[in-house]
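None of the values given here were measured: they were computed from a predicted structure.
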Amino acid sequence: MHDFRPIGAEISGFSGPEWGRQTVAQGVSPGLTLVRGYVFGYWGGILSTMSPTIGVTHVGHDRRRVHPLSPVALMISLAPADGPSHTSSASASPRPRKVLVIGAGPGGLAAALLLARGGLEVQVLERLPRAGGRCSAIEQNGFRFDLGPTFFLYPRVLERIFKLIGRDLHAEVPMVRLDPQYRLVFGDGGQLDCTPDVGRMAEQIARLAPADAPNLTRYLAENRAKMDSFRPILERPFLGWRDLLSWDLIKLLPILRPWNSIDRELGRYFADPRIRLAFTFQSKYLGMSPFNCPSLFSILSFLEYEFGVWHPYGGCSAVSERMAQIAAELGVKFAFGEEVTEILFDGRRAVGARTNAGEYRADAVVINADFAQAMTRLVPNHLRSQWTDRKIAKKRYSCSTFMMYLGIDGRYDELPHHTISTAADYMANLEDIEGRHVLTDDTSFYVQNAGVTDPGLAPKGMSTLYVLAPVTHLHPNVDWATAAPRFRARLVKQLEKVGITGLERRIRFEKVVTPADWEGGYNVYRGATFNLAHTLSQMLHFRPRNRFEDLDGVYLVGGGTHPGSGLPVIYESARITSRLLLADFGRDVGWLGEPGAREVPEVATV
């Protein structure tokens, strides 16, 4: 019998616990704090009405009135009194440890896979009807779109995770490496079809900036060394000042040059601003300007050329869907369509969660959701010392995105799989987004024309266009209720710059998502789709920690914790967090490998 135990069970008619669910609950065990209602599950849908009540309630049933051999008596007597604390003993538990993962986004799915492989009982709660969170699919009228990420980068991280659970990523999720990786159309003239073939790429650079072309190989070589040096930092937790001030990190400062912006760093290689932009626009994967983003992220474009830009057939959402299927095969339980409305606490220790369908008890809670939104909605302010509402409000946040998902009649076969068009005045566009918080007439934008690679994403004779424009996160300067129609019309006009003409008459399906929708419909704090900004003061030790510092029994995965945003590092956050959680439970973690190890440990097929 699974015993993610229901709390406060009704005695009348009770026939034994379901998997972690109680449909009628009158209370919770003594000392459990009911935390303000929050619609979790990473993204999707509209925030439900939240109860303002925060307090402590007690079990409504008198144990003396329960027959000592009844299922209810057994349930109450065997239910764990508390969850794990990293300060407690790591002795083995007399029963399997149980973990709740709130949100089936990429980080939550990767954590579920690893924790199940580590011998824990895992229950995933997801408010959407499908897996993936922000990396899920939109399907309508035969069209299929990725909701969020469309670039699948640096597959080695997920390849490792799959190998650790006895699987082969490429056998489970067929994908193709793109060439060209994407087309860059510069607002002030010229374009590059960026290819992973270094010789051909150098030839293209030479057509725009002959003096810069010879420096491509030096850029790649030096960033290869930077990546080798920095990878152990990205793969280990930062839990305190000692981690931040370690000699391993200090000795990297001359290599990482964190005091530089990524644009200034690329100026060491490329004089032409268009060529610099070709190797710095990737800072937008973090929701940041290359003029503000720390230079250590110069490795992002290196990763594209070294390891490829990939398209999983079915989209990045197909990766999430297969991860969920494999997790279920490993024994992970999923509750889709269940909104987590409260996390249950005993003092400062998380011991369970309540959903719209019942209650779940567990020894630890892994939160896979927008960090700021989760904390301000889910955990009472008085339980948090480092990350209070006031401190969270003062943090810096990434930009947001204006999205158009278009199902169209016909195809644009002359358009590559990925196209990025930059504004003529790129710096002014960035300042409008990050400084002035206004909308720009001439905006940069991105288009995915996936049908040229994956025609199965649309009905025969049709195709999909995924259009994204970076915009300010929610700010009083922009009222999206009135601004959205005008901005949409301008963006459709802008698409003509990359050859998309006659679009309006060909649209057969359309969905628009604004920053207001990201917050109101997908639970993203201020609509900042890339989470906390990746400034030096919000990275490593200064970012919310994988073993969350303000609460016991709470662990974080996803873009709001270390290492940060973007699919590869979100997957890596799951390995970091799983190692911590399993170690706190006294479980073997050697099979997860050491941070920075070149080889993946051999793991027997599970």
Give the intermediate values and the outcome of side-chain contact (heavy atoms from CB on, under 4.5 Å) for residues Val185 and Phe445.
CA-CA 10 Å; Val185 180; Phe445 62 88; over 6 Å; no
Within-4.5 Å side-chain heavy-atom neighbours: Pro106 and Val319
no
Could you go through the side-chain contact (heavy atoms from CB on, under 4.5 Å) check for Phe402 and Arg488 one step at a time?
CA-CA 9 Å; Phe402 181 93; Arg488 177 204 174 277; 3.9 Å; yes
Ring centres under 6.0 angstrom apart (Tyr571, Phe162)
no
Nearest 0.5 angstrom please: Tyr397 OH to His473 NE2, how far?
9.5 Å
Hey, does Pro544 have a side-chain heavy atom less than 4.5 Å from the side chain of Leu532?
yes
Pick one: which of Thr401, Thr150, Thr419 meets side chain to side chain donor-acceptor pair (under 3.5 Å) with Tyr446?
Thr150
For Thr561 and Asn546 the tightest heavy-atom approach is OG1-N, 3.3 Å
Option among Glu338, Lys333, Lys98 that satisfies the side chain to side chain donor-acceptor pair (under 3.5 Å) test with Tyr360:
Glu338
Taking atom types as modelled and ignoring hydrogens, do the side chains of Asp441 and Gln494 form a donor-acceptor contact shorter than 3.5 angstrom?
no
Quick check on ring-ring contact (aromatic ring centres under 6.0 Å, His included): which of His418, His311, His417 does Phe151 satisfy it with?
His418
Taking the six-membered ring where the residue is Trp, are the ring centres of Tyr182 and Phe281 under 6.0 Å apart?
yes
Search all heavy atoms of Ala353 against all heavy atoms of Ile102 and return the closest pair with its distance.
CB-CD1, 4.4 Å
Any chance you could measure Gln373, atom CD, to Asn523, atom CG, to the nearest 0.5 Å?
5.5 Å
So Phe509 and Phe143, would you call those rings parallel, tilted or perpendicular, with 30° and 60° as cut-offs?
parallel
Go through the side-chain N and O atoms of Tyr154 and Glu572 and say whether any donor and acceptor fall under 3.5 Å apart.
no
Closest contact, heavy atoms only, Ser565 versus Arg543:
OG-NH2, 4.3 Å
CG of Leu113 to CE of Met323, rounded to nearest 0.5 Å, is 5.0 Å
Without swapping roles, check the side chain of Asp432 against the backbone of Asn429 for a donor-acceptor pair under 3.5 Å.
no
Ignoring hydrogens and angles, write down the donor-acceptor pairs under 3.5 Å from the side chains of residues 457-466, residues two or more places apart or on other chains.
| from | atom 1 | to | atom 2 | distance (Å) |
| --- | --- | --- | --- | --- |
| Ser463 | OG | Gly410 | O | 2.7 |
| Tyr466 | OH | Gly148 | O | 2.5 |

Check: Thr280 main-chain N/O paired with Gln282 side-chain donor or acceptor under 3.5 Å
yes
Minimal heavy-atom distance between Val452 and Pro416, with the atoms involved, is CG2-C, 4.1 Å
Could you measure the distance from the CG atom of Leu474 to the CH2 atom of Trp518? Nearest 0.5 Å is fine.
12.5 Å
When you check the gap from the basic side-chain N to the acidic O, do Lys163 and Glu172 get nearer than 4.0 Å?
no
Does a donor on one side chain sit under 3.5 Å from an acceptor on the other, for Arg144 and Ser317?
yes
Do the side chain of Thr195 and the main chain of Asp179 share a donor and acceptor less than 3.5 angstrom apart?
no
Assign the ring pair Phe371 / Phe548 to parallel, tilted or perpendicular, where the plane angle (0 to 90°) is split at 30° and 60°.
perpendicular
Could you point out which residue of Cys399, Pro470, Ser289, Ser444 forms a side chain to side chain contact (heavy atoms under 4.5 Å, CB included) with Leu430?
Ser289
Check: Ala131 main-chain N/O paired with Ser136 side-chain donor or acceptor under 3.5 Å:
no
Check the pair Tyr555 / Val99 against side-chain contact (heavy atoms from CB on, under 4.5 Å), numbers first and verdict last.
CA-CA 10 Å; Tyr555 300 80; Val99 178; over 6 Å; no
Under 4.0 Å between a Lys/Arg side-chain N and an Asp/Glu carboxylate O for Glu159 and Arg156?
no
If I take atom CG from residue Asn449 and atom CG from residue Asp454, how far apart are they, to the nearest 0.5 angstrom?
11.5 Å
Decide, yes or no, whether a salt bridge links Asp409 with Arg506 under the criterion of side-chain N to carboxylate O below 4.0 Å.
no
Mind checking salt bridge (Lys or Arg N to Asp or Glu O under 4.0 Å) for Glu304 and listing every partner two or more places apart, or none if nothing turns up?
none
Less than 6.0 Å separating the ring centroids of Tyr305 and Phe279?
yes
Kindly check if the number of other-residue, nucleotide or ligand heavy atoms within 6.0 Å of CZ (Arg396) is above 12?
no
Glu342 side chain to Leu344 main-chain N or O, any donor-acceptor pair under 3.5 Å?
no
Which distance, rounded to the nearest 0.5 Å, do you find between the CZ of Arg575 and the CG of Leu158?
11.5 Å
Of all heavy-atom pairs linking Tyr405 and Asp146, the shortest is CE2-O, 3.4 Å
Dump the intermediate steps for side-chain contact (heavy atoms from CB on, under 4.5 Å) on Asp193 and Gln191, then the final yes or no.
CA-CA 7 Å; Asp193 280 352; Gln191 73 175 42; 4.0 Å; yes
Heavy-atom closest pair (Ser283 atom, Pro290 atom, distance to 0.1 Å) is OG-N, 3.2 Å
Ion pair Asp370/Arg377, N-O distance below 4.0 Å:
no
Donor-acceptor contact present, side-chain Glu519 to main-chain Arg526, <3.5 Å
yes
